[in-house]
Amino acid sequence: MALRLYNTLSAKVEEFQPLDHGRVRMYACGPTVYDYGHIGNFRTFVAVDLLCRFLRQSGYDVRYVMNITDVDDKIIRNSARDGVTVQRYTAKYEKAFLEDSATLNIEPPTFVRATEHIPEMADFIARLQEKGIAYRTDDGSYYFRIAKFPAYGKLSKKDFAGMEDGARVDVDEYEKDSARDFALWKAPKPGEASWDTSIGPGRPGWHIECSVMSMEKLGPSFDLHAGGEDLIFPHHENEIAQSEALTGKQFARFWFHVRFLLVEGEKMSKSLGNFFTIRDLVLKGHKPSSIRWLLASVPYRNQLNFTFDGLKSAASSVEKLRNFRFRLTSAQFPAGANPAMTQLAGETIERMKGALDDDLNTAQAQAAIFDMVRSANAALDRGEVRKDDAQPLLAVLDKLDEIFGVLKDDDQPKMKAILDWARAEGREKDISPELLEIAGSSQLSDGDVNQKMSKMEAARKARDFKTSDALRAELVSAGIIVENTKEGVRWRRK
RNA sequence: GGCGCGGUAGCCAAGUGGUAAGGCCGAGGUCUGCAAAACCUCUAUCGUGAGUUCGAUUCUCACCCGCGCCUCCA
């Protein structure tokens with residue numbers, strides 16, 4: 001079965017086939033680096049990451065480009081407020097974005113920056129002007145003439161034919177021929193960042209960067225264009241207009257839009273006090289893997305209700321998977337193989353692939369893995385798992401994790417890094433005891449832990465439970481989880 | 001007002017014209033020196049009303065509620 005994806009352009013679920021056999025070219029609208037990214041931003045980026053990972057797992061060679069918008073109104077406003085250059089201002093938040101992406105195990109795409117493509121944008125606009133599609137106003141701004149692109153509205157399903165010009169002219173705008181015409185290039189204003197270019201001084205409009213950079217990296221027609229649902233209009237509609245008006249070719253073929261999330265059942269907003277960055281959540285003691293799992297647990301086209309109960313639940317779910325993996329890798333099994341386990345592994349792989357092929361139904365993929373884990377754990381309890389069964393079962397987990405990216409336990413160092421950042425930023429008051437507990441579990445080295453573990457085991461063998469319990473309590477208070485199982489003793493960090 | 005999405009167990013959340021995945025939490029039990037982990041059992045008739053149908057949670061209509069876009073917010 002092949003991947004079927006919802007395409008905003010056709011408003012249908014379609015079978016996905018790239019233009020070039022075996023090769024996918026995709027572009028995603030990335031962040032505007034004017035502040036720390038919030039969980040809403042990262043829902044989108046995680047969803048696109050899942051898509052990219054699944055395409056790769058499905059055998060495609062994926063070229064994935066993401067833009068970083070490092071010049072826009074908010075950036076100009078905020079950098080002026082802080083009295084720093086635009087460059088310096090955006091550098092801080094771009095770094096934060098890259099760190100947060102890494103925290104969430106988002107595989108880095110090829111990044112492109114708006115400010116590094118200013119001459120190309122000017123050239124693009126000049127060519128639009130040559131074709132009579134763009135026009136210059138007296139102040140030196142350039143606009144896109146929507147009347148020249150009859151297909152305008154095809155992505156957002158808006159009908160502009162009957163709209164009267166002038167009904168809603170924004171008085172702040174310059175002299176546009178039509179109210180719907182959008183800015184390609186903004187004339188310089190005093191105190192604002194400006195570039196001298198072939199079409200005159202100024203700065204790019206919002207949409208032009210994505211047309212220019214995506215086509216430069218991926219060609220005039222490419223397979224997938226992704227972003228948050230809010231970008232459908234006007235951003236992506238305008239990208240299509242600019243690009244297709246210039247090249248006469250179809251721009252992106254599939255449009256992938258990720259739905260907004262809610263927080264505790266309400267729209268996230270600063271005024272409601274339910275606005276969270278990744279760092280805010282980690283400071284509260286939540287693990288990056290919990291955040292990622294929760295964000296990935298609801299299919300991208302559904303509204304996701306992001307709650308703190310949900311985060312705790314996600315933490316337990318990830319824990320369950322990690323425990324299962326731990327159990328398979330740490331125990332000794334009798335030689336041989338159990339055909340039931342081989343079959344279970346095979347069926348689960350099929351179920352996961354089938355779920356993800358179905359417009360990235362991550363919820364069903366997760367259900368498939370949990371079904372397998374339960375069955376396999378039950379078989380383990382009954383002693384029905386043989387030596388040769390471990391590998392195929394672990395392979396299923398690996399396959400799952402190629403997409404979901406939560407099994408490797410590197411939460412602790414990531415949280416420690418954010419703890420250090422908070423201290424450097426003077427945010428001590430936001431550091432929770434939970435974070436300190438987890439980040440602090442590194443105080444005991446692996447060697448220390450192993451030493452105490454063997455002492456504890458010796459005491460247990462001698463049935464000196466008082467001593468062994470005391471050692472265990474000591475380890476537990478240091479953030480170590482100790483398990484004495486039939487298959488042997490083992491430990492891990494909280 | 002225009003266009004669109006959704007309302008499923010305490011919470012999160014899939015799904016289907018033939019009586020409902022998965023996760024978390026809770027209760028009871030098994031295992032265990034204890035703890036942890038794990039396993040087993042239990043917990044929903046799918047917003048409300050009407051219609052179509054042999055049969056609807058799944059289709060249609062109405063209503064109520066929530067959400068999104070229509071203003072450079074992912």
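Just so it is clear: chains get the letters A, B, ... in the order the sequence lines come, proteins before strands, and each one is counted from 1. Just so you know, these numbers come straight off a predicted model, no measurement behind them.
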**Q** What class does the angle between the rings of A:Phe308 and A:Phe306 fall in, given that below 30° is parallel, 30 to 60° is tilted and above 60° is perpendicular?
**A** perpendicular
**Q** Starting from the 5' end of RNA chain B, give me the residue, A:Arg382 or A:His207, whose nearest nucleotide shows up first.
**A** A:Arg382
**Q** In chain order, what residues pass the side chain to side chain donor-acceptor pair (under 3.5 Å) check against A:Lys284, with sequence neighbours excluded?
**A** none
**Q** Strictly below 4.0 Å, heavy-atom distances to any atom of RNA chain B: list the hits from residues 311-321 of chain A, or just say none.
**A**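 Close to the strand are A:Ser313, A:Ser316, A:Ser317, A:Lys320.
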**Q** Under 4.0 Å, counting only non-hydrogen atoms across every strand here, what does A:Val258 touch: a base, just sugar-phosphate, or nothing?
**A** nothing
**Q** Is A:Lys455 salt-bridged to A:Asp464, cutoff N-O under 4.0 Å?
**A** no
**Q** Charged N to carboxylate O below 4.0 Å: is that the case for A:Asp381 and A:Arg327?
**A**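 Salt bridge present between A:Asp381 and A:Arg327.
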**Q** Heavy atoms under 4.0 Å, any strand shown: does A:Leu261 hit a base, just sugar-phosphate, or nothing?
**A** base
**Q** Return the 5'-most residue of the pair A:Ile39, A:Arg492 with respect to RNA chain B, ranking by each residue's nearest nucleotide.
**A** A:Arg492
**Q** Contact class for A:Gly227 vs. all strands (heavy atom < 4.0 Å): base, sugar-phosphate, or nothing?
**A**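 Counting heavy atoms under 4.0 Å across all strands, the contact made by A:Gly227 is with sugar-phosphate only.
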**Q** Name the pairs: protein N/O against N/O of nucleotides 15-18 of chain B, kept only if under 3.5 Å.
**A**
unit_1, atom_1, unit_2, atom_2, d
B:rG15, OP1, A:Asn361, ND2, 3.1

**Q** Checking side-chain polar atoms at under 3.5 Å, does A:Asp139 have a donor or acceptor matched by the opposite partner on A:Thr137?
**A** yes
**Q** Dot-bracket for RNA chain B, please, read 5' to 3', with Watson-Crick or G-U wobble pairs under 3.5 Å on both distances, ( ) within the strand, [ ] crossing, | other strand, . unpaired.
**A** (((((((..(((.........))).(((((.......)))))....(((((.......))))))))))))....
**Q** For B:rA74, take OP1 and OP2 only and decide whether either is under 4.0 Å from a side-chain N or O of A:Asn41.
**A** yes
**Q** Between protein and nucleic acid, restricted to nucleotides 26-33 of chain B and to nitrogen or oxygen atoms under 3.5 Å apart, what atom pairs and distances do you find?
**A**
unit_1, atom_1, unit_2, atom_2, d
B:rG33, O6, A:Arg460, NE, 2.8
B:rG33, N1, A:Asp469, OD1, 3.1
B:rG33, N2, A:Asp469, OD2, 2.6

**Q** Sequence neighbours excluded, which residues qualify as salt bridge (Lys or Arg N to Asp or Glu O under 4.0 Å) partners of A:Asp309?
**A**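 Scan of A:Asp309 (salt bridge (Lys or Arg N to Asp or Glu O under 4.0 Å), adjacent residues dropped) gives none.
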**Q** Do the side-chain N or O atoms of A:Asn323 get closer than 4.0 angstrom to the phosphate oxygens (OP1, OP2) of B:rA37?
**A** no
**Q** Would you tabulate the pairs of protein nitrogen or oxygen atoms and nucleotide nitrogen or oxygen atoms of nucleotides 65-69 of chain B closer than 3.5 angstrom?
**A**
unit_1, atom_1, unit_2, atom_2, d
B:rC67, O2', A:Gln303, NE2, 2.6
B:rC67, O2, A:Arg259, NH2, 3.3
B:rG68, OP1, A:Lys267, NZ, 3.4
B:rG68, O2', A:Glu229, OE1, 3.3
B:rG68, O2', A:Glu229, OE2, 3.4

**Q** Can you check the distance between B:rU8 and B:rC46, where both ends of the measurement are the C1' atom (answer in whole Å)?
**A**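 Straight-line distance between the two C1' atoms is 4 Å.
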**Q** Determine the interatomic distance between P on B:rA21 and the same-named atom on B:rU45; round to the nearest Å.
**A**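 Their P atoms lie roughly 14 Å apart.
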**Q** Could you give the distance separating B:rC70 and B:rU58 at their C1' atoms, to the nearest angstrom?
**A** 31 Å
**Q** Charged N to carboxylate O under 4.0 angstrom, A:Glu457 versus A:Arg460?
**A** yes
**Q** Could you pull out all residues at least two apart from A:Arg301 that satisfy salt bridge (Lys or Arg N to Asp or Glu O under 4.0 Å)?
**A** A:Asp359
**Q** Does A:Arg351 put a side-chain nitrogen or oxygen below 4.0 Å from OP1 or OP2 of B:rG22?
**A**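 Checking B:rG22 against A:Arg351, no side-chain N or O comes under 4.0 Å of OP1 or OP2.
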**Q** Under a 4.0 Å threshold between the charged nitrogen and the carboxylate oxygen, would A:Lys158 count as salt-bridged to A:Glu237?
**A**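 No.
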**Q** So, are A:Lys408 and A:Asp401 salt-bridged, with charged N and O less than 4.0 Å apart?
**A**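 Salt bridge absent between A:Lys408 and A:Asp401.
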**Q** Please enumerate all residues that pass salt bridge (Lys or Arg N to Asp or Glu O under 4.0 Å) together with A:Lys154, with sequence neighbours excluded.
**A** A:Glu244
**Q** Apply salt bridge (Lys or Arg N to Asp or Glu O under 4.0 Å) to A:Lys452 and list each qualifying residue two or more places apart in sequence or on a separate chain.
**A** A:Glu474
**Q** Describe, in one word, how the ring planes of A:Phe404 and A:Trp293 are oriented to each other, choosing from parallel (under 30°), tilted (30 to 60°) and perpendicular (over 60°).
**A** tilted
**Q** Go through the structure and list residues passing side chain to side chain donor-acceptor pair (under 3.5 Å) with A:Glu229, not counting sequence neighbours.
**A** none
**Q** My understanding is that only residues two or more places apart in sequence, or in another chain, count here; which of them pass side chain to side chain donor-acceptor pair (under 3.5 Å) with A:Arg292?
**A** A:Asp49
**Q** Any side-chain N or O of A:Arg180 less than 4.0 Å from the OP1 or OP2 oxygen of B:rU71?
**A**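 A:Arg180 to B:rU71 OP1/OP2: side-chain N or O found under 4.0 Å.
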**Q** Report yes or no: do A:Asn274 and A:Glu264 form a side-chain donor-acceptor pair below 3.5 Å?
**A**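 Judged by distance alone, the side chains do not pair up.
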**Q** Are the charged groups of A:Asp411 and A:Arg322 less than 4.0 angstrom apart, N to O?
**A** yes
**Q** Classify A:His38 by what it touches in the nucleic acid, base, sugar-phosphate, or nothing, heavy-atom distance under 4.0 Å.
**A** base
